Amino acid sequence: MIQRPRGTADRLPDVAPAWRLVSETFQRQCELRGFAPISTPTIERTELFTRTTGDATDLAQKEMYSFQDRGGDSLTLRSEGTAPVVRAYVQNGLHNLPQPVKLYYLTSIFRYDRPQAGRYREHHQIGAEALGDPSPAVDAEVIDLLWSTYRALGIDDLRLELNSLGDPDTRPAYRQALVDYFTPLADRLDSESRERLTSNPLRILDSKSPAVADLCEGAPRSLDFLGEPARTHFDALQGLLQSLEIPFAVNHRLVRGLDYYNRTVFEFVPPDAGSQSTVGGGGRYDYLAELIGANHVPGVGFGSGIERVLLSLERCGTTARAPRAPEAYVAPLADAAVADAMRLARQLRQAGVAVECGFRATSPRSHLRRASRSQARLAILIGARELERGVVALKPLNGAAQVEVRHCDAVRRIQDILAGDP
RNA sequence: GUGGGCGUAGCUCAAUCGGUUAGAGCGUCUGGUUGUGGCCCAGAAGGCUGGGGGUUCAAGUCCCCUCGCUCACCCCA
């Protein structure tokens with residue numbers, strides 16, 4: 001049998017309540033802050049991702065779902081949320097709106113990677129981007145949005161880690177300092193880190209190898225290389241987070257996996273920090289727009305994996321409320337009653353009553369079994385007898401007595417019964 | 001891309017040393033005398049034992065390959 005592609009998932013109805021809780025909670029937090037929804041295409045030109053993400057990143061080197069379309073263009077399934085939003089901002093002239101432009105999205109992300117716990121080839125992210133304003137307050141606002149979303153979901157055990165990577169004019173000096181530090185220690189680095197010494201020295205700091213981690217302890221810190229504006233920005237951000245009472249810890253080894261970040265980077269990580277444990281993360285990317293050939297547009301944002309938020313939700317014991325159960329169940333007992341049953345069901349639904357309809361004429365026993373299992377509070381029976389006399393039988397499923405009402409009064413009487421009036 | 005574990009019904013699991021027609025619980029469907037639910041009872045449907053090859057008189061069981069799932073590495077969310 002044909003099965004779903006590796007690393008993808010069918011989302012069955014039983015997970016819908018939790019999923020909806022996450023998306024609605026996030027949406028509400030966004031709207032409380034004036035963030036507006038945006039969606040971008042599932043496919044983008046491949047260069048959008050390769051030029052922004054960075055050539056040396058794993059994402060660009062081996063994780064993109066790229067293909068040629070029939071016209072010969074190279075397209076890529078969205079591998080990351082930020083670059084498409086920046087592209088859309090520029091392409092649609094959103095710089096003509098009051099700045100910053102605050103946007104949010106809920107979207108699928110595709111990365112060709114080996115699946116494991118909390119990691120999929122297609123996963124989903126909630127994300128937000130604030131474009132057009134370089135102020136540290138915008139960084140704080142964006143972090144507050146994500147933090148508040150987690151809190152509103154009952155997730156209170158994530159650790160916020162923070163760092164600043166500085167600006168492009170100071171990055172080379174820091175990069176060189178790292179190279180100078182690690183080069184004499186090269187024989188103690190693993191092969192991957194040795195390669196990064198030339199390709200992407202910052203990412204050595206990210207290594208989980210214990211031996212490399214030890215070496216990182218003594219490595220130069222990005223904060224010591226910040227220029228004056230970046231320094232001021234970072235200090236201001238920390239002050240704002242403190243006044244918002246959002247706890248955080250500076251992590252000198254936090255560098256993030258995408259190259260376009262400058263200044264602020266942050267991650268929310270769970271306490272049982274496994275290896276791929278980031279629940280959400282982001283940062284500032286003031287030079288991203290230029291990478292795709294646009295004018296300068298400062299920006300800051302984040303992405304958070306919904307599947308991982310769901311894991312945190314479970315860990316913290318948050319449960320979503322069950323979906324609405326049908327209130328009434330309409331049971332045709334004779335073939336001639338099916339049309340009537342469906343018509344009555346429609347009238348009830350138009351009146352706002354959730355109704356499940358039995359589709360096949362069968363025994364009362366069978367219908368009532370279904371009605372019970374459907375959680376409906378009331379069964380509405382229509383058989384040959386009822387048709388003949390222009391009535392329907394209403395049977396409350398809580399054991400109360402069955403009553404007969406005229407067909408033309410049915411909707412009103414049913415609403416009364418469901419409302420609790422006799 | 002690398003390594004470990006696991007693949008039997010929709011789900012959770014049995015099946016002795018390699019031995020007859022692969023079973024159970026749950027779930028699903030049907031029925032339990034006239035048109036009345038839950039509980040209970042009965043019955044039915046549902047399996048190429050992931051797939052392919054090999055060893056053997058005989059394979060769910062042993063061997064090889066492959067696919068899938070899963071966990072970890074790498075990396076990300």
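This one's a predicted model, so the numbers in the text were calculated from it and none came from an experiment. Note on naming: letters A, B, ... go to the chains in the order of the sequence lines (proteins, then strands), and numbering restarts at 1 for each one.
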Would you kindly give the [atom1]-to-[atom2] distance between [X] and [N], to the nearest whole Å?
{"X": "A/Ile204", "N": "B/C75", "atom1": "CD1", "atom2": "C1'", "answer": "16 Å"}
{"X": "A/Lys395", "N": "B/G35", "atom1": "NZ", "atom2": "C1'", "answer": "11 Å"}
{"X": "A/Arg6", "N": "B/C69", "atom1": "CZ", "atom2": "C1'", "answer": "8 Å"}

Base-pairing mate for [N] - Watson-Crick or G-U, with both contacts under 3.5 Å:
{"N": "B/G43", "answer": "B/C29"}
{"N": "B/C73", "answer": "B/G1"}
{"N": "B/C6", "answer": "B/G68"}
{"N": "B/G19", "answer": "B/C57"}

Out of [options], which nucleotide sits closest to the side chain of [X]?
{"X": "A/Gln116", "options": "B/G35, B/G38, B/C71", "answer": "B/C71"}
{"X": "A/Arg373", "options": "B/G38, B/C75, B/C29", "answer": "B/C29"}
{"X": "A/Asp113", "options": "B/U36, B/U30, B/G1", "answer": "B/G1"}
{"X": "A/Arg369", "options": "B/A77, B/C73, B/G37", "answer": "B/G37"}
{"X": "A/Ala117", "options": "B/C75, B/G32, B/C71", "answer": "B/C71"}
{"X": "A/Arg308", "options": "B/C29, B/U30, B/A77", "answer": "B/A77"}
{"X": "A/Ser366", "options": "B/C74, B/U30, B/G35", "answer": "B/U30"}
{"X": "A/Arg119", "options": "B/G35, B/G38, B/C73", "answer": "B/C73"}
{"X": "A/Ser363", "options": "B/G31, B/C71, B/A77", "answer": "B/G31"}

Identify each atom pair where a protein N or O and an N or O of nucleotides 4-12 of chain B are less than 3.5 Å apart, giving names and distance.
none

Answer with base, sugar-phosphate or nothing: what part of the nucleic acid does [X] contact at a heavy-atom distance below 4.0 Å?
{"X": "A/Arg360", "result": "sugar-phosphate"}
{"X": "A/Arg385", "result": "base"}
{"X": "A/Arg196", "result": "sugar-phosphate"}
{"X": "A/Glu307", "result": "nothing"}
{"X": "A/Gln375", "result": "nothing"}
{"X": "A/Leu381", "result": "base"}
{"X": "A/Arg121", "result": "nothing"}

Salt bridge between A/Glu44 and A/Arg78, side-chain N to carboxylate O under 4.0 Å?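 No.
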In plain terms, say whether A/Asp139 and A/Arg263 are close enough for a salt bridge, that is, a side-chain N and a carboxylate O under 4.0 Å apart.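 Judged by the 4.0 Å cut-off on N to carboxylate O distance, A/Asp139 and A/Arg263 do not form a salt bridge.
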Does A/Phe225 have its ring centroid less than 6.0 Å away from the ring centroid of A/Tyr174?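 Yes, ring centres under 6.0 Å apart.
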Taking the cut-offs as 6.0 angstrom to the six-membered ring centre and 45 degrees off its axis, would you call A/Arg121 and A/Phe110 a cation-pi pair?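 Checked: cation-pi criterion not met.
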Please determine, by modelled atom types, if [X] and [Y] share a side-chain donor-acceptor pair under 3.5 angstrom.
{"X": "A/Asn163", "Y": "A/Asn251", "result": "no"}
{"X": "A/Ser304", "Y": "A/Tyr150", "result": "yes"}
{"X": "A/Tyr105", "Y": "A/Glu129", "result": "yes"}
{"X": "A/Arg45", "Y": "A/Ser74", "result": "no"}

Using centres under 5.5 Å plus planes under 30 degrees as the test, is A/His367 stacked with B/G37?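 So no, this residue does not stack on that base, at least one cut-off failing.
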Give me the distance, rounded to whole Å, that separates B/U49 from B/C11 when you measure between the P atoms they each carry.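 Pairwise P distance, B/U49 against B/C11, rounds to 16 Å.
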Return the minimal non-hydrogen interatomic distance between A/Leu94 and A/Val101, and the atom names on each side.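 Reported closest heavy-atom pair: O-CG2, 3.4 Å.
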Position toward the 5' end of RNA chain B (nearest nucleotide), A/Arg370 or A/Gly399: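 Comparing both residues, the 5'-ward one is A/Arg370.
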